Amino acid sequence: MGARRNCFTLVSPGYRSAAGLAVAVGADLVAELDDTDLAESWQAARDLSPAEAAELADAAAEHLAEVLAEGIDAADIADAVTDAAVVFLIAMTRRGISDPKRIPACSVMWQGPGRPEQVLFSA
C-alpha cells in the first residue's frame with residue numbers, strides 16, 4: 001500500500017437549512033443528507049460509545065480509502081457515500097458539535113489507520 005492510498009479529505013460547506021448537509025469526497029462524489037437522514041444518522045453516531053465510534057469510523061475510513069484508491073464504480077457509490085457520512089459525522093461528534101444543524105464549513109482529513117482524523121473548521 002502506498003502512502004497516498006490511505007489518505008482522503010472530506011469537505012463540507014456546513015449545514016444549510018434549505019439543502020441539509022453535503023459532504024464532498026473529491027470532485028466526483030458528494031454525500032447529501034436531508035434533515036430526516038441527518039437527524040437519524042446524527043442520533044446513531046451520538047448513541048455510540050467512544051470505543052464503538054472509533055471502531056466504526058476506522059472501518060468506514062479504511063473502506064472508503066480502498067474504494068477511492070481502486071476507483072469508484074456504480075456498485076461502490078452507495079457504500080462510499082455511507083462511509084463518508086459515517087466518518088464525517090463521527091468526527092463532528094468527537095469535536096463537540098452538539099447539534100448537526102450547527103456543523104460549520106470544514107474539512108476532515110483522514111491519514112491512515114491508527115491516526116486520528118484532523119478537522120479544520122473554516123472561519
Side-chain angles (χ1 to χ4, degrees):
M1 259 188 204
R4 298 296 302 161
R5 180 177 179 157
N6 289 329
C7 303
F8 61 82
T9 300
L10 306 174
V11 179
S12 176
Y15 177 81
R16 304 284 187 246
S17 60
L21 180 71
V23 179
V25 185
D28 300 324
L29 181 64
V30 177
E32 296 179 350
L33 292 100
D34 63 21
D35 283 342
T36 301
D37 290 338
L38 181 57
E40 290 174 5
S41 298
W42 185 258
Q43 190 58 49
R46 294 203 31 112
D47 288 345
L48 296 170
S49 71
E52 291 169 329
E55 185 177 330
L56 182 59
D58 285 347
E62 287 183 49
H63 182 254
L64 180 57
E66 289 174 13
V67 169
L68 293 172
E70 294 170 5
I72 297 174
D73 61 33
D76 296 322
I77 291 174
D79 285 345
V81 166
T82 299
D83 289 337
V86 166
V87 171
F88 185 83
L89 293 176
I90 290 175
M92 294 298 102
T93 62
R94 287 178 176 176
R95 295 314 178 283
I97 303 294
S98 61
D99 181 336
K101 293 181 179 181
R102 295 186 177 270
I103 295 174
C106 60
S107 298
V108 175
M109 293 159 284
W110 190 76
Q111 299 176 338
R115 301 176 79 185
E117 72 275 355
Q118 294 181 341
V119 178
L120 299 174
F121 293 106
S122 299

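Values in this document were obtained by computation on a predicted structure and should not be read as measured data.
Sorted by first then second residue, the side-chain hydrogen bond (donor to acceptor under 3.5 Å, both in side chains) pairs that include residues 92-108, not counting sequence neighbours, are R94-E117, R95-E117.
A search for side chain to side chain contact (heavy atoms under 4.5 Å, CB included) contacts involving V81 returns L29, A31, I77, not counting sequence neighbours. E55 meets the side chain to side chain contact (heavy atoms under 4.5 Å, CB included) test with no other residue; sequence neighbours excluded. Applying the side chain to side chain contact (heavy atoms under 4.5 Å, CB included) test to P116 and every residue at least two apart in sequence or in another chain returns nothing.
Contact record, L10 with A84: CD1-O, 3.6 Å, taken as the closest heavy-atom pair. Contact detail for D47 and E52: the closest heavy-atom pair is O-OE1, 4.4 Å. Considering all non-hydrogen atoms of both residues, R115 and W110 come closest at O-NE1, 4.3 Å.
In this structure, V11 is not a member of the same hydrophobic cluster as M109, with clusters built from ILVMFWY side-chain heavy atoms closer than 4.5 Å. If you chain together hydrophobic residues whose side chains sit under 4.5 Å apart, F88 and F121 fall into the same group.
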Please assess E40 against L33 for the test side-chain contact (heavy atoms from CB on, under 4.5 Å), listing each intermediate value before the final yes or no.
-> CA-CA 10 Å; E40 290 174 5; L33 292 100; over 6 Å; no
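For the atom pair OG1 of T82 and NE2 of H63, the computed distance is 10.0 Å after rounding to the nearest 0.5 Å. Residue E62 holds its CD atom at 11.0 Å from CG of D83, rounded to the nearest 0.5 Å.
Grouping Ile, Leu, Val, Met, Phe, Trp and Tyr by side-chain contacts under 4.5 Å, direct or through others, puts L56 with L48, V86, I90.
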Could you give the side-chain donor-acceptor pairs of residues 14-22 under 3.5 Å, partners two or more places apart or in another chain?
| from | atom 1 | to | atom 2 | distance (Å) |
| --- | --- | --- | --- | --- |
| Y15 | OH | D35 | OD1 | 2.7 |
| Y15 | OH | D35 | OD2 | 3.3 |
| R16 | NH1 | P13 | O | 3.0 |
| R16 | NH2 | P13 | O | 2.7 |

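The side-chain heavy atoms of I97 and W42, taken from C-beta on, include a pair separated by under 4.5 Å. No side-chain heavy atom of E32 sits under 4.5 Å from any side-chain heavy atom of D37.
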